[in-house]
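Shown next, in structure tokens, is the structure this report addresses.
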There are 2 protein chains.
Amino acid sequence: MSCLGCDLANAKFTVHTIYEDELVHCFLDINPFNEGHTLILPKRHVKELTELTYEETLAVMDAAKMISKKLNTLFEPDGITINQNGGKFSDLTHLHMHVIPRYENDGFTWSESTIQDGAHKRLAETANKLLRV
Amino acid sequence: MSCLGCDLANAKFTVHTIYEDELVHCFLDINPFNEGHTLILPKRHVKELTELTYEETLAVMDAAKMISKKLNTLFEPDGITINQNGGKFSDLTHLHMHVIPRYENDGFTWSESTIQDGAHKRLAETANKLLRV
């Protein structure tokens, strides 16, 4: 089955590479949230975080740290956000971690969920359920 | 210097623990974006991702995978988002990674930055700069 993420990670398409090793390929997001917005993709076809091997996990996170340092040096942002969206929220069929230079009032907001089901009142109940699964 | 994150990570305050080991403490966010929203904190005082040791990085990511599995089993969300905000966007003086069950139209949106500086037209230039720092 074809996977755009696999093709990007394995350089079948031209990308703007920031870093690459045996396990991961890091390149600029073609539609950056802010300048320097980088994606980290494992080269192996992996969709979810839970599928990453020990070595791949470290490779992804080492890359995230290294890219964060580069972004801090070059852009001196107000902060850096690391984000990985799984399931229906992955816009590739391949795991990709975002490393995003952030600035105040840049619109990256998620403080309030549209789902208001009183979850903040059920913390003890929720924790008990999660401890049992 | 006092740090609320240190106090939370080291159980000086009551939290709703999901998992704990020598290096990390994982507990429910007191103001969950969605039910099951969990925070992973290193026990050592660390503010930025780049400061995490090899062992702490693995401990954080192992916890992220384990909690993702628990959230998937219990809530069957549409996906899971892993998020870590550094610099000014950290609302603690201590690194914390969010693990958030996600549902369609839950309002976690960041597709469009308010900063429109044409960065998508300067990808080659940006990559060249990042390769040099």
Side-chain angles (χ1 to χ4, degrees), chain A residues 16-18 27-28 30-38 48-50 52 54 57-58 61 64-65 67-71 73-74 77-90 102-110 112-115 117 119-120 122-124 126-127 129-131 133, chain B residues 16-18 27-28 30-38 48-50 52 54 57-58 61 64-65 67-71 73-74 77-90 102-110 112-115 117 119-120 122-124 126-127 129-131 133:
Chain A
H16 299 282
T17 299
I18 305 303
F27 50 87
L28 293 180
I30 201 166
N31 187 23
F33 185 79
N34 288 319
E35 184 172 8
H37 176 174
T38 301
E48 299 292 337
L49 189 78
T50 49
L52 287 177
Y54 175 94
T57 303
L58 268 181
M61 296 308 289
K65 291 179 194 176
I67 291 162
S68 295
K69 287 178 189 169
K70 281 179 171 283
L71 294 173
T73 301
L74 187 58
D78 294 327
I80 287 181
T81 283
I82 307 290
N83 190 277
Q84 187 264 323
N85 297 308
K88 286 191 185 170
F89 305 98
S90 174
R102 297 281 316 285
Y103 303 92
E104 287 198 270
N105 304 315
D106 62 8
F108 190 109
T109 53
W110 52 276
E112 192 89 17
S113 174
T114 59
I115 299 169
D117 65 350
H120 63 289
R122 300 192 307 274
L123 296 176
T126 303
K129 287 181 189 168
L130 281 167
L131 287 168
V133 292
Chain B
H16 298 281
T17 299
I18 305 302
F27 50 86
L28 293 181
I30 200 165
N31 186 23
F33 185 78
N34 288 318
E35 184 172 7
H37 176 174
T38 301
E48 300 292 338
L49 189 78
T50 50
L52 286 177
Y54 175 93
T57 303
L58 267 181
M61 296 309 288
K65 290 180 194 177
I67 291 162
S68 295
K69 288 177 188 169
K70 281 179 171 281
L71 294 173
T73 301
L74 187 58
D78 294 328
I80 287 180
T81 283
I82 308 290
N83 191 277
Q84 187 264 323
N85 297 308
K88 286 190 186 172
F89 305 98
S90 175
R102 297 281 317 284
Y103 303 92
E104 287 198 90
N105 304 314
D106 63 7
F108 190 110
T109 52
W110 52 276
E112 193 89 16
S113 174
T114 59
I115 300 169
D117 65 349
H120 62 289
R122 301 193 306 273
L123 296 176
T126 303
K129 286 182 190 167
L130 280 167
L131 286 169
V133 291

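So that the names make sense, note that chain A is the first sequence line, chain B the second, and so on, each numbered from 1. In what follows, every heavy atom counts, from backbone to side chain, and hydrogens, waters and symmetry copies are set aside.
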Engaged part of A:F27 at the chain B interface, taking heavy atoms whose separation is under 4.5 Å: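 For A:F27, neither part sits under 4.5 Å from chain B.
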Region of A:E104 that comes under 4.5 Å of a non-hydrogen atom in chain B: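 Backbone plus side chain of A:E104, per the 4.5 Å heavy-atom cut-off to chain B.
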Please rank [options] by heavy-atom pairs under 4.5 Å with chain A and give me the top one.
| options | answer |
| --- | --- |
| B:I67, B:I30, B:N31 | B:I30 |
| B:T50, B:T109, B:T38 | B:T50 |
| B:L130, B:I18, B:I115 | B:L130 |
| B:T17, B:T73, B:D117, B:L49 | B:L49 |
| B:A64, B:G107, B:P32 | B:P32 |

Euclidean distance, [Y] [atom2] relative to [X] [atom1], rounded to 0.5 Å:
| X | Y | atom1 | atom2 | value |
| --- | --- | --- | --- | --- |
| B:N85 | A:I80 | CG | CD1 | 11.0 Å |
| B:H120 | A:L28 | NE2 | CG | 13.5 Å |
| B:L123 | A:H16 | CG | NE2 | 4.5 Å |

Trace of the side chain to side chain contact (heavy atoms under 4.5 Å, CB included) decision for B:I82 with A:I82: CA-CA 8 Å; B:I82 308 290; A:I82 307 290; over 6 Å; no
So, does [X] use its side chain to make a donor-acceptor pair with the main chain of [Y] at under 3.5 Å?
| X | Y | answer |
| --- | --- | --- |
| A:T114 | B:N105 | yes |
| B:K65 | A:L52 | yes |
| B:K88 | A:D78 | no |

Whether B:W110 and A:H37 hold their rings parallel, tilted or perpendicular, with breakpoints at 30° and 60°: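 Ring orientation of B:W110 relative to A:H37: tilted.
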Contacts of type side-chain hydrogen bond (donor to acceptor under 3.5 Å, both in side chains), residue B:N34, not counting sequence neighbours: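 Per chain and number, B:N34 pairs via side-chain hydrogen bond (donor to acceptor under 3.5 Å, both in side chains) with A:S113, B:D106.
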Where A:K70 and B:V133 come nearest, the two heavy atoms and their spacing: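 Smallest heavy-atom distance, with atoms named: NZ-O, 2.7 Å.
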For chain B, the option from A:G87, A:G36, A:G79 that forms the most heavy-atom pairs under 4.5 Å: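 Most pairs with chain B among the choices: A:G79.
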Option that, when pairs with chain B are counted at under 4.5 Å, heavy atom only, ranks first among A:K129, A:K69, A:M61, A:R102: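 Top count of heavy-atom pairs under 4.5 Å with chain B: A:R102.
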